[in-house]
Every structure is written in structure tokens, then in C-alpha cells.
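Report on one structure; see the data block that follows.
These values consider heavy atoms only, across backbone and side chains, with no hydrogens, waters or symmetry-generated copies.
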Amino acid sequence: ISFLIIGLVIGIGIGIIVPFGGAPVDTSLQRITNRGTIIVGTSADYEPFEFLNSTNDVVGFDADLMEYIAAYMGVTIVWQNMEFDSLVGACQSGTIDVIAAAMFITADRAEVLSHSIPYLQTQMSVVVMNDSELAISSLDDLDGYTVGVQTGTVEDETISDIDGVTVTRFSTVDLMYVALD
């Protein structure tokens, strides 16, 4: 009880002293607003969520959503296109302000990122060639097969836990599909 009381007194004391005597806190929102731009990290290789159009502009669902957010904030977007596996680290280091890349919320990511409210629920899928005779009722059916995944994704983590599967990792989704073809 003594420690609780001492902690409350210290916490209240700091709460009183800091607002009156401390420097104002510069939040991420203030930095973005003052700068006039929001730096958005993405891996623009995942249609229809984020991809590059014929003029190399980032487009897609997540890009449209970020455009609405930026307009609401009164700032412009500076896109940073990078490998999916680099996005969390870039956000942690402050290289980017936000990630827009159809990213699953996981416990590990939640420890280091502040996620938005989930706005889409999807399922994982296994993609094979049209003439494939592979019948899959569970991921264990992939035992003995080589499976391609994008590095750093939930799919990478999931398939890597399946015994007997040879995992081939790709930096982008399009390279994975080219290898499948």
C-alpha cells in the first residue's frame, strides 16, 4: 500500500510540474502537421491494395484511404515504396510516419506499432497453377512441397511452422508469382 501511495503521489506531482514547467511535447501529429507532409511507407506490389500504376504512382485501396486521411489532416503524402519486410523497422526508426500495406495485426507488431481499427478481414490462400492436381484441405497437405511466400508476412510465419515444407521467400509478391509461373 505504501508503494502504491508513493507512486500515486509521484505520478500526480510529475503531472502537475511537467505541464506548467516543462517544454510542450511534440507529438507525431504535430510534427506531421508542422511539416505539411505525411511520409507513408508501403510495399506497392499487392493489388488491389497498393501497387504502382503506369506512371509509377502508388494507387489502390490503401493509397486511396491514405489520400482521404491526408486531405482531412491538410497535408500531402510522400510515398516511400520499400520491401514489406522493411516497413515495421522504418516506422520504428521514424523514417516513415505510417504504414499503408494491407498489414495483418499480430501480437509482435502490436508491441511496436499503434494499429488503426481493423478495416478489412481476409483469409490466407494457397495459389497454384491452373493445371495443378494438388488438393489441399489443410496446410499440412503442403508437406513435401516448396511454397513461396513474401518475406516478413503472416503467411511467411505461418508456413514456416509447417514441418516438411520447403519455404522460398520473395521480397515482393510479383516476384513470387513469376517464380510460380
Discussion item. If you compare all heavy atoms of Thr42 against all heavy atoms of Ala100, which two are closest, and at what distance to 0.1 Å?
Written reply: OG1-O, 2.6 Å

Worksheet item: Counting N and O atoms only, with roles assigned by atom type, does the side chain of Asp45 sit under 3.5 Å from a partner on the main chain of Val173, one being a donor and the other an acceptor?
Response: yes

Practice prompt. Start with the C-alpha gap between Asp174 and Thr172, add the side-chain angles, then the distance that decides, and say whether side chain to side chain donor-acceptor pair (under 3.5 Å) holds.
Written response: CA-CA 6 Å; Asp174 52 345; Thr172 62; 2.5 Å; yes

Worksheet item: Does Asp163 reach the side chain of Asp143, with side-chain heavy atoms less than 4.5 Å apart?
Response: no

Discussion item. With a sphere of 6.0 Å drawn around CZ of Phe51, does it hold more than 12 non-hydrogen atoms of other residues, nucleotides or ligands?
Written reply: yes

Response to the item:
Test side chain to side chain contact (heavy atoms under 4.5 Å, CB included), reference Glu67, set Val58, Asp62, Ile77, Thr76, output is Ile77

Worksheet entry | Chi angles and distances behind the side-chain contact (heavy atoms from CB on, under 4.5 Å) call for Thr158, Glu155 | CA-CA 5 Å; Thr158 301; Glu155 294 82 2; 5.6 Å; no

Worksheet item: In terms of hydrophobic clusters joined by side-chain contacts under 4.5 Å, are Leu134 and Met176 together?
Response: no

Worksheet item: So if you build clusters from Ile, Leu, Val, Met, Phe, Trp, Tyr with side-chain heavy-atom gaps below 4.5 Å, do Met124 and Val127 land together?
Response: no

Worksheet item: Is it true that atom OH of Tyr72 has more than 12 heavy atoms of other residues, nucleotides or ligands lying nearer than 6.0 Å?
Response: no

Worksheet item: Looking just at side-chain N and O atoms, do Thr106 and Asp108 make a donor-acceptor pair shorter than 3.5 Å?
Response: no

Discussion item. Tell me whether Asn34 contacts the main-chain N or O of Arg31 through its side chain, where contact means a donor paired with an acceptor under 3.5 Å.
Written reply: no

Worksheet item: Out of curiosity, Asp161 CG to Leu139 CG, how far, rounded to the nearest 0.5 Å?
Response: 10.5 Å

Worksheet item: Are Ile105 and Leu113 side-chain neighbours, meaning at least one heavy-atom pair lies under 4.5 Å?
Response: no

Item to complete: Output the distance between atom CG (Leu180) and atom OG1 (Thr146), rounded to the nearest 0.5 Å.
Response: 11.5 Å

Item to complete: List the atom of Ala101, the atom of Ser43, and the distance in Å for their closest heavy-atom pair.
Response: CB-N, 4.1 Å

Fill in: Transitive ILVMFWY side-chain link Val98 to Val75, under 4.5 Å
yes

Discussion item. One pair to check against side-chain contact (heavy atoms from CB on, under 4.5 Å): Ile39 and Ile96. What are the steps and the verdict?
Written reply: CA-CA 5 Å; Ile39 304 169; Ile96 59 176; 3.9 Å; yes

Worksheet item: Considering only heavy atoms from C-beta outward, does the side chain of Leu29 approach that of Met73 to under 4.5 Å?
Response: yes

Discussion item. Side-chain heavy atoms nearer than 4.5 Å, only ILVMFWY residues, links allowed to pass through others: does that put Val149 and Ile162 together?
Written reply: yes

Item to complete: Check the pair Arg109, Ile99 against side-chain contact (heavy atoms from CB on, under 4.5 Å), reporting the backbone distance first and the verdict last.
Response: CA-CA 12 Å; Arg109 291 174 183 159; Ile99 298 169; over 6 Å; no

Worksheet item: Honestly curious: do Val78 and Ile32 fall in one hydrophobic cluster under the side-chain, below-4.5 Å linking rule?
Response: no

Item to complete: Say whether, by atom type as modelled, one donor and one acceptor occur between the side chain of Gln150 and the main chain of Ser171 under 3.5 angstrom.
Response: yes

Worksheet entry | Approximate separation, where rounding is to 0.5 Å, of Thr166 OG1 and Leu142 CG | 11.0 Å

Item to complete: Rounded to the nearest 0.5 Å, what's the gap from CZ on Phe104 to CD on Gln121? Could you check?
Response: 9.5 Å

Worksheet entry | Heavy-atom closest pair, residues Ser93 and Thr95 | OG-OG1, 2.8 Å

Worksheet item: Out of curiosity, Ile69 CD1 to Ile38 CD1, how far, rounded to the nearest 0.5 Å?
Response: 7.0 Å

Discussion item. Within the structure provided, determine whether Leu120 and Phe61 are in side-chain contact (heavy-atom separation under 4.5 Å).
Written reply: no

Worksheet item: When rounded to the nearest 0.5 angstrom, what distance separates CD in Glu47 from CG in Leu52?
Response: 9.5 Å

Worksheet item: What's the shortest heavy-atom distance between Phe84 and Thr151, and which atoms?
Response: CD2-O, 3.9 Å

Worksheet item: Does the side chain of Arg35 reach to within under 4.5 Å of the side chain of Asp97, using non-hydrogen atoms?
Response: yes

Fill in: Candidate pair Met103 and Leu87, rule side-chain contact (heavy atoms from CB on, under 4.5 Å), full reasoning
CA-CA 10 Å; Met103 183 175 281; Leu87 290 167; 4.2 Å; yes

